[in-house]
Undergrad: 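One structure, as structure tokens, below. Some questions next.
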Amino acid sequence: MAKKKTILDLQKMKANGEKAAWMVMYDSCMASFAEDAGMDMILIGDSMGMIIYGYQGTVPVTMDMSIAHCQGVRRGAPNTYLIGDMPFGAYHESTEDAVHNAVRFLKEGDVDAVKLEGGVAVADKIEAIAKAGIVVFGHIGLTPQSSAAMGGFKVQGKSTETAKAVIEDAIAVYKAGAKTLLLEGVPEETCAFVHKILPIPVYGIGAGAECDGQAILAADALGVYKNFTPKFAKKYCSIGDIATQGMKDYISEVKAGTFPAPEHKYKFTGDKDEFNKFLAEYEKNLDL
Ligand code: KIV
């Protein structure tokens with residue numbers, strides 16, 4: 001069994017040019033598959049709002065929902081580095097609130113680090129959490145929790161001016177004490193520059209290949225989420241199609257009476273004659 005990684009391992013991987021692969025998921029079964037596959041990290045993302053709960057976005061996700069999913073993932077992947085995703089509202093009101101909720105992620109959710117969205121605007125929250133001794137993953141660029149303010153799920157940093165804002169966010173996150181940074185939905189050139197200037201591991205999701213590793217939603221990579229697949233996501237298999245076919249086969253077999261078959265049935269091990277006599281007598285006296 002592989003030893004659980006630490007932030008030092010992630011830094012070593014960067015130093016050795018070894019890319020980290022992480023995936024976003026929310027439950028114990030999927031987490032056990034990830035651990036068996038040798039996933040470097042799992043993010044219990046607030047995208048659960050859409051993938052698990054069917055909301056339009058991530059805003060309705062609460063701390064209690066997130067922590068319950070972290071606990072499930074930890075049970076399925078006891079030896080994998082886990083990142084809890086601080087949901088909208090969990091770190092916006094005050095630094096005290098931010099630290100309190102980050103601590104909850106570690107104590108109750110049993111994760112190794114927390115991630116929060118935003119750059120310059122949340123640098124004080126990152127600093128407070130990092131000072132409490134908690135590993136913070138920054139997340140900038142296309143930040144889904146602020147999609148309303150961005151006018152939708154829009155790629156960021158496509159022009160010199162907006163790329164400058166992304167770079168300034170990256171520097172603010174680093175200076176505030178984040179130990180790694182995730183860039184989402186930015187052109188490769190912008191990500192490559194941030195990767196070049198920052199000494200911490202810089203990861204991407206929809207940010208090209210010029211960084212220290214990639215994140216992807218299991219729902220996108222494995223073909224679970226039918227509503228939308230982003231341009232940057234690659235589908236490695238189609239669990240959704242396999243599941244739909246399996247369900248169709250199940251429905252047909254139930255209707256045809258071919259499921260359950262003999263191998264799915266429990267055997268009666270008592271005296272059959274005695275049992276049949278008992279049933280006949282019971283039925284005779286039945287008053288329904
Ligand atoms: O919640 C999530 O899935 C995320 C990824 C987009 C990184 O934050």
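These figures come from a predicted structure and were not determined experimentally. In each ligand, atom 1 is the first atom listed, and ligand 1 is the first ligand listed.
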Undergrad: Are any of the N or O atoms of Lys115 closer than 3.5 Å to those of ligand 1?
TA: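 There is such a contact, yes.
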Undergrad: In this structure, would Ile67 and Met65 fall into the same cluster of hydrophobic residues linked by side-chain contacts under 4.5 Å?
TA: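 Same cluster: Ile67 reaches Met65 through Ile, Leu, Val, Met, Phe, Trp or Tyr contacts under 4.5 Å.
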Undergrad: With heavy atoms only and a cut-off of under 4.0 Å, state how Glu117 meets ligand 1: side chain, backbone, both or neither.
TA: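 For Glu117, there is no contact with ligand 1 at all, from either part.
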Undergrad: Check each heavy atom of Met48 against ligand 1 and say whether those closer than 4.0 Å belong to the side chain, the backbone, both or neither.
TA: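 It is neither part, as no heavy atom is under 4.0 Å.
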Undergrad: Is there any N or O on Glu184 that sits under 3.5 Å from an N or O of ligand 1?
TA: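 No, no N or O pair falls under 3.5 Å.
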Undergrad: Run Lys3 and Asp9 through salt bridge (Lys or Arg N to Asp or Glu O under 4.0 Å) and show every step you take.
TA: CA-CA 11 Å; Lys3 202 170 139 276; Asp9 294 311; 5.0 Å; no
Undergrad: Is it the case that one hydrophobic cluster holds both Val59 and Val24, taking links as side-chain heavy atoms less than 4.5 Å apart, direct or via other members?
TA: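 Looking at the clustering, Val24 is in a separate group from Val59.
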Undergrad: Can a donor-acceptor pair be found between the side chains of Asp241 and Gln245 at a distance below 3.5 Å?
TA: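 No donor-acceptor contact under 3.5 Å links the two side chains.
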Undergrad: Using a 4.0 Å heavy-atom cut-off, which part of Val24 comes near ligand 1: side chain, backbone, both, or neither?
TA: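 Only the side chain of Val24 comes within reach of ligand 1.
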Undergrad: Would you call the rings of Tyr53 and His69 parallel, tilted or perpendicular if under 30° counts as parallel and over 60° as perpendicular?
TA: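 Ring orientation of Tyr53 relative to His69: perpendicular.
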Undergrad: Run the salt bridge (Lys or Arg N to Asp or Glu O under 4.0 Å) check on Lys164 and Glu168 step by step: do they pass?
TA: CA-CA 6 Å; Lys164 181 168 172 267; Glu168 281 170 2; 3.4 Å; yes
Undergrad: For atom 3 (O) of ligand 1, which of the options Gly206, Ser47, Gly45 provides the nearest non-hydrogen atom?
TA: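 It is Ser47 that holds the nearest heavy atom.
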Undergrad: Starting from atom 7 (C) of ligand 1, find the nearest protein heavy-atom neighbour and note its residue, name and distance.
TA: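 Closest protein heavy atom to atom 7 (C) of ligand 1: Leu182 CD2, 3.4 Å.
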Undergrad: Checking contacts here: is it the side chain or the backbone of Leu43 that comes within 4.0 Å of ligand 1, counting heavy atoms only? Could be both or neither.
TA: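 Only the side chain of Leu43 comes within reach of ligand 1.
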Undergrad: Lys196 versus Glu210: any side-chain heavy-atom pair under 4.5 Å?
TA: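 No, every pair of side-chain atoms sits at 4.5 Å or beyond.
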Undergrad: Which of the atoms in ligand 1, numbered in the order shown and given with their element, are less than 4.0 Å from a heavy-atom of His139?
TA: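 Close to His139: 8 (O).
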